[in-house]
Each structure stands twice: as structure tokens, then as C-alpha cells.
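What follows is a single structure, written as C-alpha cells, with notes after it.
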Number of protein chains: 2
Amino acid sequence: MTQFNQSRVPVPTLGRLATYLRVLSDLERTHVQTISSAEMERQTGINAAQFRKDLSYFGEFGKPGVGYTVVELQDRITRILKIDRRQPVILVGAGNLGSALVGYPGFQENQMELVAVFDNNPAKVGTVIHNLTIQDFRSVKELNQQLHARIAIIAVPAVGVQRVADDLVHSGIKAILNFAPATLRVPEDVAVRNVSFMQELAVLSYHTSGKLMAPDVLPPSNK
Amino acid sequence: MTQFNQSRVPVPTLGRLATYLRVLSDLERTHVQTISSAEMERQTGINAAQFRKDLSYFGEFGKPGVGYTVVELQDRITRILKIDRRQPVILVGAGNLGSALVGYPGFQENQMELVAVFDNNPAKVGTVIHNLTIQDFRSVKELNQQLHARIAIIAVPAVGVQRVADDLVHSGIKAILNFAPATLRVPEDVAVRNVSFMQELAVLSYHTSGKLMAPDVLPPSNK
DNA sequence: TGCTGTGAATTAGTTCACAGCG
DNA sequence: CGCTGTGAACTAATTCACAGCA
């Protein structure tokens, strides 16, 4: 029964789709043709039923008695995540972290193309990192009229980050990956995901030398 | 396979505690004495009842009609998260990302002390970044007998990351923050949290130009 | 009165269990 | 058969709603 469960997809499902994609790439590289949900569980630690259910939100993909065709599933997931074609991404903040991100491999692998880097520090503007010239953040709106990026990464200090977010929203950005330790206020139609190292470390710290068990042993914390 | 800790503190609660701590620091700096759950909601986007419930797992902290004493709450949360004293942390991988992390401010703020950096690249061993000399990863077990770190950050490529994790576990590490896009297999008593930029970007990509709403608008994704 | 603390209700997410197809 | 796809059962997490206290 191919009914597109267009009813809301759980957010954690989307994160897991990216994990499946990673495994599928490995399988493709080693010329494996098909994979069953049980084998996917072995590779990722994610429950086999969970894998099947995650896919079921988007239609039917597998062949009973056989499993899933690697390349076909890969193709479907990339289309679901809209990374079947290049996604332009802009980065704000060319500090330690921002600069490290520019050189991060894996953008390419996931069809994410970093198309511009911005900073507000005049000393940095004009400098080149990894083939990209750092632009003045004040020109973000104007430049994004050409670039058409819908995704932005924020890697600036917490102070002033709200202003940065506001300007990005006015530049047409619809999704923000925020590394600054601050809560952003954005319109309803803009998605935000926060990455906080310190928060992650704090959670881990809680578990050290406690009598408490690890919350998730094998499975990745796919939020 | 995902078995949860026998205590009934939800994992997301721990992440939010770190967020509250951030707000409390700001308040302390500006000499604010008390804060109500409603005001905390305004500052973080986290529901006021959620805030109260999060704290209730650990006892009673507030004064009815008044709110919470900033410094007292700060003190209690740091003790809960075991960051009331310095937590030694070791880092594996001195590449782009690893190096950026070494210079990250906020370790100090959260009483996390980066005490050693390791790499397996002989060209890097001996080099200094931010006052820390890069050590040969093969000496991690030996060195950690002095350092007594229980928390490690992994910032190496996906290939070989399982070996790194195994060695860390044998060196007494009980909590791992993993930046490599791979699923780690570790003993039950070792906690792992995965940070995957590409996964986060994939989730955001899904939300671009779709008719679907952002999953969490104001509240930080404290998963 | 203005707030906290918390059972109860609700919503979200995961896993089970099995019908049914190739 | 061996596998998928999915309603049903379950478990986790959030939010409501209100009693009770300073």
C-alpha cells in the first residue's frame, strides 16, 4: 500500500537517514548489491524495525525475502534529504572553528557546497581559506541574491549571534546550523539546529564515575 | 540494545541543564539575584514546566512566589553535572577540527580542562598547539595513568576510529565525544555521544523549500 | 498573590509481532 | 520460506493544570 505517509516524519528519523546513507556508500564502494534491515542493524546499531519504519514514512523500498537494493535506496534517500543535487551553504564566522569547517571533507560527499564565508572582522575580509575569499558579512544579503543559499552555518561567538541570525533570515536563509552557545529566535518557517560541544561534554561528565549506565551504548545518539 | 540508565533522569534533561547553566552565568555576571521558571523560558525557549520538572529530578531548588536563587542553582547544577571541579579531558586527532577545538574557549568556562592532545602522525607529534604538545597516540594508555582523564574527544577520520575507541577504553576512558561519522562499539559502562555535522546539515536540507514546518522553532534542540 | 513542585494527560518515538508478498 | 511493511503495544518525554507554600 503505497501511501505517502506525508503525515509528520519524526525528526530523529531524518538524522538516521543520513546514517543509513553513510553505510550505503560503504556498501556501494564494496559492490554489495542488496542489504536487509537485519544487516543494517548490525552495521549501525539501529533496530531493524526502526530502519524499516523510518523508510516507510516515504513509501515502499524493499523486496520481501530479499532486502533493499543498495543503489536504489541510496538514490531515494538522497532525494528525500534533497542532497541529490548540490546544496549551496554559506558560513558565517572565520575563527578557529569556522576555518576548520571550511576544510572539512564530507561537505562534498554529501553534496553540500560551501559557496561563501563571511566575517565582520576587517582584518580577515579578503583573506583566502581553502579557495574561498572571506567576505564582509554586511554584504551577505546582496551576495546571497546570486548564491541562493538556503542553508547557513553560524560559527561566531555568542555575543551578537542573534543579529547574525536576523540578517541571515533577511538574506533568504531557511535553515541554520548554529554552533554558538545561544538560543536563536527565528521565524516559524526557518529551521534551526544547535550543536553545542560544551553541552555534550556536560552530559558525558554526568556519566563519569557515576553508578549510572551509558544512555546509548551502540546506537549513535541520533537525537 | 539501547538500554537506558536505571535512574529515571531523561537524557535530554542533562543537555538542558547545561543550557540553564549558560543563562545563569550571564545572570550572575549582571548581578541578578533570582530567576523564575517563566523568565527562564523567555531566555531559553524551553517551557517553564519543563525547567521545573528537569530540576525536580534532583530535589527542590526554588522558593514559591520568588523563584530560584541564581548562585545557588548554579552551584547545584554544576555539582549534578560533576563540573564543580575541573574535569580532565583528552583529545585524539590534531587535524583541522581537533586543532580548532584545542583553542575553543568555553572549556575553561565549563571546568573542562584539555590536558593532552594525541595524534598518530609522526610529523605532528612534538608540535605545540595552544600550550599543548601533541603526543604519540600509542602512549595514551601510559600517559593517562597520570592524567586520570575519564572523558575523551575523538576527532579523527572514520577509518580506524574503532581502534582508537578501543584503545581509549583500555586507557580508562568512560565517556567519549565522537566527531567521526561512524558507529562506535564500546562496553556498556562507557557513554558515547556522536556529533555529526553532515547529519545535522542533512536534516536541515530536508527542511529547505519544503512545505513542512520547522521542527523546533524557538527551543534549542536539546535532544 | 506569584511562584514552585508534581501527578495526570498528552504527545512523540520506539519496538513488537505478524500478515502477506516475492 | 525470508524478508518487508505496518498496525498495535509500549516506552519516553513533554506539557498541562492545579494544590500548596512563602
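Here is the naming used below: chain letters follow the sequence lines, and residue numbers restart at 1 for every chain.
Regarding Phe51(A), its CZ atom lies at a distance of 9 Å from the P atom of dG5(D), rounded to whole Å. As a whole-Å value, the separation of Ile46(A) CD1 from dC16(C) P is 15 Å. Counting to the nearest Å, the P atom of dC3(C) and the CD atom of Glu41(B) are 13 Å from each other. With rounding to whole Å, Leu55(A) atom CG is found 16 Å from dT15(C) atom C1'. Per the geometry, CD belonging to Gln50(A) stands 14 Å off C1' belonging to dG5(D), to the nearest Å. Rounded to whole Å, the distance from CG on Asp54(A) to P on dT4(D) is 14 Å. Distance CD (Glu60(B)) to C1' (dC3(C)): 13 Å, rounded to an integer number of Å. Straight-line distance from the OH atom of Tyr20(B) to the P atom of dT4(C): 12 Å, rounded to whole Å.
Side-chain atoms of Asn47(A) come within 3.5 Å of backbone atoms of Ala49(A) as a donor-acceptor pair (strictly under, hydrogens ignored). The backbone N or O of Val71(B) lies less than 3.5 Å from no partner atom in the side chain of Asp75(B), so there is not a single donor-acceptor pair.
Within residues 30-40 of chain B, the residues approaching DNA chain C are Ser36(B), Ser37(B), by heavy-atom distance under 4.0 Å.
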Per-nucleotide protein contact along nucleotides 16-22 of chain D, 5' to 3', at a 4.0 Å heavy-atom cut-off (B base, S sugar-phosphate only, - neither), is BB--BBS

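Under the side chain to side chain donor-acceptor pair (under 3.5 Å) criterion, Thr34(A) pairs with no residue, sequence neighbours left out. By the ring-ring contact (aromatic ring centres under 6.0 Å, His included) test, Tyr20(B) pairs with Phe51(B), sequence neighbours left out. With sequence neighbours left out, the side-chain contact (heavy atoms from CB on, under 4.5 Å) criterion links Pro10(A) to Pro12(A), Thr13(A), Tyr57(A).
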Under 3.5 Å, which donor-acceptor pairs link side chains of residues 22-29 of chain B to any protein atom two or more places apart or in another chain?
unit_1: Arg22(B); atom_1: NE; unit_2: Pro181(A); atom_2: O; d: 3.1
unit_1: Arg22(B); atom_1: NH2; unit_2: Thr183(A); atom_2: OG1; d: 3.2
unit_1: Ser25(B); atom_1: OG; unit_2: Leu21(B); atom_2: O; d: 3.1
unit_1: Asp26(B); atom_1: OD1; unit_2: Arg29(B); atom_2: NH2; d: 2.9
unit_1: Glu28(B); atom_1: OE1; unit_2: Gln74(B); atom_2: NE2; d: 3.3

Enumerate donor-acceptor pairs with a distance under 3.5 Å from any side-chain N or O in residues 170-180 of chain A to protein atoms, sequence neighbours excluded.
unit_1: His170(A); atom_1: ND1; unit_2: Asp166(A); atom_2: O; d: 3.1
unit_1: Ser171(A); atom_1: OG; unit_2: Asp167(A); atom_2: O; d: 2.7
unit_1: Lys174(A); atom_1: NZ; unit_2: Asp189(A); atom_2: OD2; d: 2.9
unit_1: Asn178(A); atom_1: OD1; unit_2: Ala180(A); atom_2: N; d: 2.9
unit_1: Asn178(A); atom_1: ND2; unit_2: Ala180(A); atom_2: O; d: 3.1
unit_1: Asn178(A); atom_1: ND2; unit_2: Ala182(A); atom_2: O; d: 3.3
unit_1: Asn178(A); atom_1: ND2; unit_2: Asn194(A); atom_2: OD1; d: 2.8

Let me check something: any side-chain donor-acceptor pairs from residues 84-104 of chain B under 3.5 Å, sequence neighbours excluded? List them with distances.
unit_1: Gln87(B); atom_1: NE2; unit_2: Ser205(A); atom_2: OG; d: 2.9
unit_1: Gln87(B); atom_1: NE2; unit_2: Thr208(A); atom_2: OG1; d: 3.2
unit_1: Ser99(B); atom_1: OG; unit_2: Ala94(B); atom_2: O; d: 3.1
unit_1: Ser99(B); atom_1: OG; unit_2: Gly95(B); atom_2: O; d: 2.6

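Listed by first and then second residue, the salt bridge (charged side-chain N to carboxylate O under 4.0 Å, His left out) pairs that reach into residues 100-112 of chain A come to none, sequence neighbours excluded.
Close to dG2(D), at under 4.0 Å from its OP1 or OP2, lies no side-chain N or O of Tyr68(A). Put simply, Arg16(A) has a side-chain N or O that comes within less than 4.0 Å of OP1 or OP2 on dT14(C). In this model, the phosphate group of dA12(D) is not approached by any side-chain N or O of Tyr57(B) to a distance below 4.0 Å at OP1 or OP2.
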